[in-house]
A.B. asks: 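This structure is in structure tokens; I'll ask about it shortly.
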Amino acid sequence: MAVFGIAALAYVLIGLLQRVPLITPDEYTYAKVSQSLADGRGLSWRGAAEPFRAPLYLYVLAACWKTMSLAAGYTAAKALGAVLLCSVVVPTWIAARELLPARTALIACVLAVTGTWMTTSAALVTENLAMPLAAGALSVTFLATLRGSRRAGVAGLALAVGAVAARAQLAPLVGVIAASLLLDVAVAADRRGRLRTHAPAIAGAAALGAIGAGVLLVSGSSSMGTYSGLSGLRPSLGGFAGAAGRQWLALCVMVGIVPVVVALAGLPRAWRAAPDVRALYLVCAPATLVFVAQSGWYLAGIDASWSIQRYVEYPVPLLLVGMAALLDRALVSVRAILAAGAAVSLSLVALPEARRVIEERAAYGLQEIVGPHAWALTLGLALVAALALRRLGPPRAALAIAGLATLTLLAQSIAGWHWQIGLSRLFREQYPADIAWIDHHGDGPVARVFVYANSPLFDNAEFFSREVATVLRSPLHWRGRAIVGGSCEWSTSSDGALQADGACLGGIRRIWNDDPLVRMSFYGGRLLARDPKLGQLIAVGPRPRVRSLIVLPCNRPTPVLSPSGADFHMPSTVECTGSLVARLFLDAPGRLELVFRGGSADHAASLGSRTWMLRARRIARVALPVGPGATTTSISTDWATSAGAPQLLGAKLVSQAASADLL
């Protein structure tokens, strides 16, 4: 309990340093759907049903939003994630105490909350609940194989079902439980007696598998909910082998290499001379093989060239227990550990550079330590471990080698947390101090609309808002991430009336335009708030009608990430389009008046034969007539980047002795 308490407190405090979510779309989906649950709207997001088949985590998460603001709820949700994930020490302790004295068992528990898999404790992801449940299922199943316990086998299956309810990806865990028990039957001296012991759990696993297969046959891929696309994956054999290999390397790196080396080195002796440690292998080996194969099949199917360590983290606690037990029992020889180290080192020659740091935190951390030479580090660790075995007795050698693993895991984790916190801080700096800006200025349901670009700031702005009722997608070819959750396509009639599919605008009197290139105005509209990054909040009537769309010549800067995400920065300049466009819907002719403030040098704007000089650091006014109806005016601008470029300070429509602000 001391390890759990200290670790939970540490990760709760570290989680406070992460300012906004990072994992897209997972964190946003889980948060918004669980908020919908908390508000009594079921499993939905912006009115659209989300077909989750494993919603246990969402129901747990919903408690965080029930009675507090979303900003406070986010803090509570991160704290909850830390506590849940740190509870993995409980099944680790249960397994370790069967094989080790209390002091040595603590080593495995400490290691279980040290590695880069703990970086998800500050994220809103299903692994935070699924990991301890899966580890519990595997640890209790180990007790079943060790003691020949019927009750433990059934309990392991029950925990596996709970893990599947938290994360559907863990469905193969039911098969892992059955396979482990069948392997125990195969190696038992009294096979019939052991089969009778494990029969209820094996039969239960078979029944669950049959039910799942029957549901798939009857209802097809629709029964898979958010995983319905998996039924169409058809990876090639070569692609599967390569992806599975990358997942195996990810597991080796994630556990700090040493536990895998020790597990391979200790297998021969443990199998012959230590039936209790052999029972651990009977559970750990099938779990490792199944999750490596499953995730390899998925990654090959989507043609991913990177690994995802979260998908193979579930056997980690048992691997750590196995390392401690093998060393404590002196079941690892110097020759075996050198041979295993050489084999793992040879395989790590193929370790690719981290291509997605957010999913390959351990590989990234290792590369921060030794660059592309993970194989050399492995050889070095094996040599030091062999030296410790030769010079020290089993208890002291176990401590020394566990220390090697701890140092590796800590170095990886520090690098992973530094990257994660730094990136979240950069993202947070783009938002106003009031992260709940939408709710505090909208005062009612909001329809978010964009024209040319799905702003990268939208996800986190909506994350902290309860009032975004719908998203109106542009009918144009737009840039940015796909829209997740309920949305409708919008358009305008010839007179500017806003139109949308279905009932997306029903009862909504607030429009939020966050397109980084576009400023909108509406007939009868009233500007509620404006933010340089989050755009405009506009109150409209029951039938919103667009007056103008002003398309700016320059986008706003957004963070630039390297392809892997390892390096990131905020650029000082961005490219510009070379034009300022005014799309107007007018009932009568009028005059468009634009006000510019000159940049660091002289520039020019032109329309046809007319040219306006925009002198450096001086105010310039551009006025031109516009006709009635739907018109488009495109003014050419001669600046290619935003560096020192003129700024549009105002846009006004003057018509029939009245004027309207268009920005």
Side-chain angles (χ1 to χ4, degrees), residues 92 94-101 104-105 107-108 135 138-149 152-153 156 175-195 197-198 202 248 251-252 255 257-293 314-344 346-347 382 385-386 388-390 394-395 397-398 401-402 405:
T92 305
I94 289 172
R97 284 298 286 127
E98 292 295 323
L99 302 173
L100 297 163
T104 311
I107 295 174
L138 294 174
S139 292
V140 174
T141 302
F142 160 60
L143 298 186
T145 61
L146 177 65
R147 301 174 181 173
S149 169
V176 169
I177 304 302
S180 300
L181 298 177
L182 287 170
L183 285 173
D184 185 46
V185 171
V187 301
D190 180 12
R191 293 179 181 175
R192 289 186 178 181
R194 191 55 64 95
L195 180 59
T197 298
H198 294 327
I202 294 171
W248 163 251
L251 177 63
C252 292
V255 295
I257 299 171
V258 176
V260 172
V261 171
V262 172
L264 294 175
L267 177 59
R269 282 190 182 180
W271 195 264
R272 295 192 305 269
D276 52 353
V277 180
R278 180 177 66 187
L280 192 69
Y281 278 102
L282 293 178
V283 179
C284 197
T288 300
L289 291 173
V290 166
F291 287 116
V292 164
Y314 305 104
V316 165
L318 289 192
L319 272 171
L320 299 174
V321 171
M323 177 189 72
L326 289 165
L327 294 171
D328 186 71
R329 302 281 194 85
L331 294 172
V332 181
S333 67
V334 171
R335 182 179 299 178
I337 206 162
L338 288 174
V344 175
L346 185 63
S347 70
L389 284 173
R390 182 177 290 276
I401 296 172

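Just so you know, these numbers use all the heavy atoms, side chains as well, and skip hydrogens, waters and symmetry mates. What you see is a predicted model; the values in this text were computed from it and never measured.
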A.B. asks: Minimum heavy-atom separation for Ala144 to Asp184, with atom names?
C.D. replies: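 Minimum heavy-atom separation between Ala144 and Asp184: O-OD2, 4.2 Å.
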
A.B. asks: When rounded to the nearest 0.5 angstrom, what is the spacing between CD1 in Ile177 and OG1 in Thr145?
C.D. replies: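 So the CD1 of Ile177 and the OG1 of Thr145 are separated by 10.0 Å.
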
A.B. asks: Considering non-hydrogen atoms only, spot the tightest contact between Val277 and Ala325 and give its length.
C.D. replies: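 Reported closest heavy-atom pair: CG2-CB, 4.4 Å.
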
A.B. asks: Quick one, Val261 and Val258 - any side-chain contact, counting heavy atoms below 4.5 Å?
C.D. replies: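 A side-chain contact is absent here, since even the closest heavy-atom pair is not under 4.5 Å.
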
A.B. asks: On a heavy-atom basis, which atom in Asp328 and which in Ala398 lie closest, and how many Å separate them?
C.D. replies: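 In this case the closest contact between Asp328 and Ala398 is N-CB, 4.1 Å.
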
A.B. asks: Might you point out which heavy atoms bring Ile107 and Ala402 nearest each other, and give the distance in Å?
C.D. replies: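 Nearest pair, atom of Ile107 first, then Ala402: CG2-CB, 3.5 Å.
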
A.B. asks: Rounded to the nearest 0.5 Å, what's the gap from CD on Glu98 to CG on Asp276? Could you check?
C.D. replies: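 Separation between the atoms: 9.0 Å.
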
A.B. asks: Against Val316, only a single residue in Thr92, Thr288, Val255 fulfils side chain to side chain contact (heavy atoms under 4.5 Å, CB included); can you say which?
C.D. replies: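 The side chain to side chain contact (heavy atoms under 4.5 Å, CB included) with Val316 is passed solely by Val255 among Thr92, Thr288, Val255.
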
A.B. asks: Walk me through it: do Ser139 and Leu318 pass the test side-chain contact (heavy atoms from CB on, under 4.5 Å)?
C.D. replies: CA-CA 7 Å; Ser139 292; Leu318 289 192; 3.8 Å; yes

A.B. asks: Starting from the C-alpha separation in whole Å, work towards a yes-or-no answer on side-chain contact (heavy atoms from CB on, under 4.5 Å) for Leu181 and Val185.
C.D. replies: CA-CA 6 Å; Leu181 298 177; Val185 171; 5.7 Å; no

A.B. asks: So does Arg272 get a backbone contact from the side chain of Arg269, meaning a donor-acceptor N/O pair under 3.5 Å?
C.D. replies: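 Pair absent, no side-chain N/O of Arg269 close to backbone of Arg272.
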
A.B. asks: Apply side-chain contact (heavy atoms from CB on, under 4.5 Å) to the pair Ser149 and Leu143, showing each step before the final yes or no.
C.D. replies: CA-CA 7 Å; Ser149 169; Leu143 298 186; 6.0 Å; no

A.B. asks: With side chains defined as the heavy atoms from C-beta onward, is the minimum distance between Val290 and Tyr314 less than 4.5 Å?
C.D. replies: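 No, their side chains stay 4.5 Å or more apart.
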
A.B. asks: Between OG of Ser333 and CG of Leu389, what distance do you get to the nearest 0.5 Å?
C.D. replies: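 The CG atom of Leu389 is 8.0 Å from OG of Ser333, to the nearest 0.5 Å.
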
A.B. asks: For Pro317 and Ala135, work out which heavy atoms get closest and say how close.
C.D. replies: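 Reported closest heavy-atom pair: CG-CB, 3.9 Å.
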
A.B. asks: Determine whether a donor-acceptor pair (N or O, by modelled atom type, separation under 3.5 Å) exists between the side chain of Arg191 and the backbone of Ala186.
C.D. replies: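 Yes, because the side chain of Arg191 sits within donor-acceptor range (under 3.5 Å) of the backbone of Ala186.
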
A.B. asks: Roughly how far, to the nearest 0.5 Å, is the CG atom of Asp190 from the OG1 atom of Thr197?
C.D. replies: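 Thr197 OG1 to Asp190 CG: 8.0 Å, rounded to 0.5 Å.
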
A.B. asks: Could you tell me the separation between the CZ atom of Phe142 and the OG atom of Ser180, rounded to the nearest 0.5 Å?
C.D. replies: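 Here the interatomic distance stands at 11.5 Å.
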
A.B. asks: Apply side-chain contact (heavy atoms from CB on, under 4.5 Å) to the pair Val187 and Arg194, showing each step before the final yes or no.
C.D. replies: CA-CA 10 Å; Val187 301; Arg194 191 55 64 95; over 6 Å; no

A.B. asks: Identify the two heavy atoms, one from His198 and one from Gly148, that lie closest to each other, and give their separation to 0.1 Å.
C.D. replies: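 Between these two residues, the closest heavy atoms are CE1-CA, 4.5 Å.
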
A.B. asks: Is the shortest side-chain heavy-atom distance between Cys284 and Leu319 below 4.5 Å?
C.D. replies: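 Cys284 vs Leu319: side chains touch.
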
A.B. asks: With distance as the sole test, does Tyr281 use its side chain to make a donor-acceptor pair with the main-chain N or O of Leu267 at under 3.5 Å?
C.D. replies: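 A pair under 3.5 Å: yes.
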
A.B. asks: So, taking the atom named CG in Leu326 and the one named CG in Leu100, what distance separates them when rounded to the nearest 0.5 Å?
C.D. replies: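 Output value for this atom pair is 9.5 Å.
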
